[in-house]
Amino acid sequence: MPELPEVETIKRGLQKSIKGCTILDVATDTPKMIQGKTLKDFKKEIKWKKIIGIERKGKLLIINLNSGQNLVFHLKIAGRLLVREQGAQEDEYTHIVFKLSKGKELRFADLRKFGWVRLVPKTKMFELPAIKELGIDPLSKEFTFKKFLDIIEKHRGVVKKFLMNQKVIAGVGNIYASEILWKAKIHPERKVEDLNEKEKLALYRATLAILKKAIKLKGASVNQYVDAFGEKGGFEKELNAYQKAGESCSRCGTRIAKITIGGRSTFFCPRCQKKSN
DNA sequence: CGATTCCCCTGATAGC
DNA sequence: TGCTATCAGGGGAATC
């Protein structure tokens, strides 16, 4: 699943490979993945526009065009953005193909078809609901411990939901929430208002450490994830909690447990991550 | 207003 | 062996 580290990895891959390319054409077999306008208008507005930059906001991948418009992508669970040479072997589940100059193609593949792309003028980006209420990016300079404490004080409730709430911290999803809490030794059902100073610091540090390490290893290839060149990440080998139910905790040997929080599977070590003392 | 449920889609898995 | 039922999963919409 492309969460912050995976989208960041894709972003870096696209910067290397398609920055400077011009979009020549678009084709799709699933028009509903293109949101906000008809395929005809979408095509008309991006044809002959040049890709001048790639950004990431939370889990959103943004391609800047020289027309002042942005292509905004959400890859959801199984979305892939692949850069290929034209005529290269097909990638399964490809639903949108951007034909580019320099003999390249940007392919949007998605087994689930939950992903979407939308063309948004950069002056209207803040009107996009997915961006308007987006919380702080944990990799930004503004994400200091002091800021983290300010944010925590404004919230109550289950800590895992807090971490996964895109309106609070942008980019943390189901995999990294379990990993961060495991590293911080905090039970996923603890309430943020009950965390002491030491635990808050551990949570802050674990958030940064896990995300940075995952980026360094080019993401976790869980489910469908691969980078812009179809390569798997390396962080899935470093997972200590996510999808480890029944396996021994690498810290203490206790079996990793699985519970459901907010309809999402959640993994933790019942011994390292106690609900109460 | 906040919390929960439904829904989009389809491969994997379980159950018969 | 092969069919059908169930589930996962991000996030917006509908509902409680």
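No experiment lies behind these values; they were computed from the predicted model shown. Chain letters run A, B, ... following the sequence lines, proteins first and then strands; every chain starts at 1.
The span of DNA chain B lying next to chain A, judged by atoms under 4.0 Å from heavy atoms, is bounded 5' to 3' by B:dT4 to B:dG11.
In this structure, A:S101 contributes its side chain and A:T22 its backbone to a donor-acceptor pair below 3.5 Å. A:K76 places no side-chain N or O within donor-acceptor distance of the main-chain N or O of A:K113, the cut-off being under 3.5 Å.
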Side chains of residues 88-98 of chain A: which donor-acceptor partners sit under 3.5 Å, not counting sequence neighbours?
residue: A:D91; atom: OD1; partner: A:R84; partner atom: NE; Å: 3.4
residue: A:D91; atom: OD1; partner: A:R84; partner atom: NH2; Å: 2.8
residue: A:D91; atom: OD2; partner: A:R84; partner atom: NE; Å: 2.9
residue: A:D91; atom: OD2; partner: A:R107; partner atom: NH1; Å: 2.7
residue: A:T94; atom: OG1; partner: A:D91; partner atom: O; Å: 2.6
residue: A:H95; atom: ND1; partner: A:D29; partner atom: OD1; Å: 2.9
residue: A:H95; atom: ND1; partner: A:D29; partner atom: OD2; Å: 3.4
residue: A:H95; atom: ND1; partner: A:T30; partner atom: OG1; Å: 3.2
residue: A:H95; atom: NE2; partner: A:Y93; partner atom: O; Å: 3.4
residue: A:H95; atom: NE2; partner: A:D110; partner atom: O; Å: 3.3

Name every donor-acceptor pair, under 3.5 Å, that has one atom in a side chain of residues 249-258 of chain A and the other anywhere in the protein, sequence neighbours excluded.
residue: A:S250; atom: OG; partner: A:N240; partner atom: OD1; Å: 2.8
residue: A:R251; atom: NH1; partner: A:W182; partner atom: O; Å: 2.9
residue: A:R251; atom: NH2; partner: A:W182; partner atom: O; Å: 2.8

Which pairs of donor and acceptor atoms, one on a side chain in residues 207-220 of chain A, lie under 3.5 Å apart (sequence neighbours left out)?
residue: A:T207; atom: OG1; partner: A:L203; partner atom: O; Å: 2.7
residue: A:K213; atom: NZ; partner: A:E238; partner atom: OE1; Å: 3.1

Do any side-chain atoms of residues 159-171 of chain A form donor-acceptor pairs under 3.5 angstrom with protein atoms, and if so which ones, sequence neighbours left out?
residue: A:K160; atom: NZ; partner: A:N174; partner atom: OD1; Å: 2.5
residue: A:K160; atom: NZ; partner: A:S265; partner atom: O; Å: 3.4
residue: A:K160; atom: NZ; partner: A:T266; partner atom: OG1; Å: 2.9
residue: A:N165; atom: OD1; partner: A:K167; partner atom: N; Å: 2.9
residue: A:Q166; atom: OE1; partner: A:G171; partner atom: N; Å: 2.8
residue: A:Q166; atom: NE2; partner: A:M164; partner atom: O; Å: 3.0
residue: A:Q166; atom: NE2; partner: A:V172; partner atom: O; Å: 3.0
residue: A:K167; atom: NZ; partner: A:E133; partner atom: OE1; Å: 3.2

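When the C1' atom of C:dA13 is taken as reference, atom CD of A:Q35 falls 13 Å away, rounded to whole Å. Between A:F267 atom CZ and C:dG9 atom P the separation is 7 Å, expressed in whole Å. Across the protein-nucleic acid pair, A:K76 atom NZ and C:dG12 atom P stand 7 Å apart, rounded to whole Å.
Side-chain polar atoms of A:E3 and A:Y225 form no donor-acceptor pair below 3.5 angstrom.
Among residue pairs with one or both ends in residues 118-132 of chain A, none qualify as salt bridge (Lys or Arg N to Asp or Glu O under 4.0 Å); sequence neighbours excluded. Within the structure, salt bridge (Lys or Arg N to Asp or Glu O under 4.0 Å) contacts touching residues 185-194 of chain A (residues at least two apart or in different chains) are A:E189-A:K275, A:R190-A:E199. Each salt bridge (Lys or Arg N to Asp or Glu O under 4.0 Å) pair with one or both residues in residues 47-64 of chain A, not counting sequence neighbours, appears once here: A:E8-A:R56, A:R56-A:D137.
DNA chain C is contacted by A:R264, A:S265 of residues 256-266 of chain A, taking any non-hydrogen atom closer than 4.0 Å. Within residues 166-184 of chain A, the residues approaching DNA chain C are A:Q166, A:N174, by heavy-atom distance under 4.0 Å. Taking a 4.0 Å limit (strictly below) on heavy-atom distances, residues 111-119 of chain A reaches DNA chain B at A:L111, A:R112, A:K113, A:F114.
Residues passing the ring-ring contact (aromatic ring centres under 6.0 Å, His included) test with A:F42, sequence neighbours excluded: none.
A sub-4.0 Å separation between OP1 or OP2 of C:dG10 and a side-chain N or O of A:H74 is absent. Note on A:Y242: a side-chain N or O is less than 4.0 Å away from OP1 or OP2 of C:dG9.
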Derivation and outcome, side-chain contact (heavy atoms from CB on, under 4.5 Å), residues A:L71 and A:F73: CA-CA 7 Å; A:L71 275 170; A:F73 293 83; 3.9 Å; yes
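Using bins of under 30°, 30° to 60° and over 60° for the plane-to-plane angle, the ring pair A:F143/A:Y204 lands in the tilted bin.
The A:M1 side chain lies nearest to C:dG9 when the options are C:dG9, C:dG11, C:dG12.
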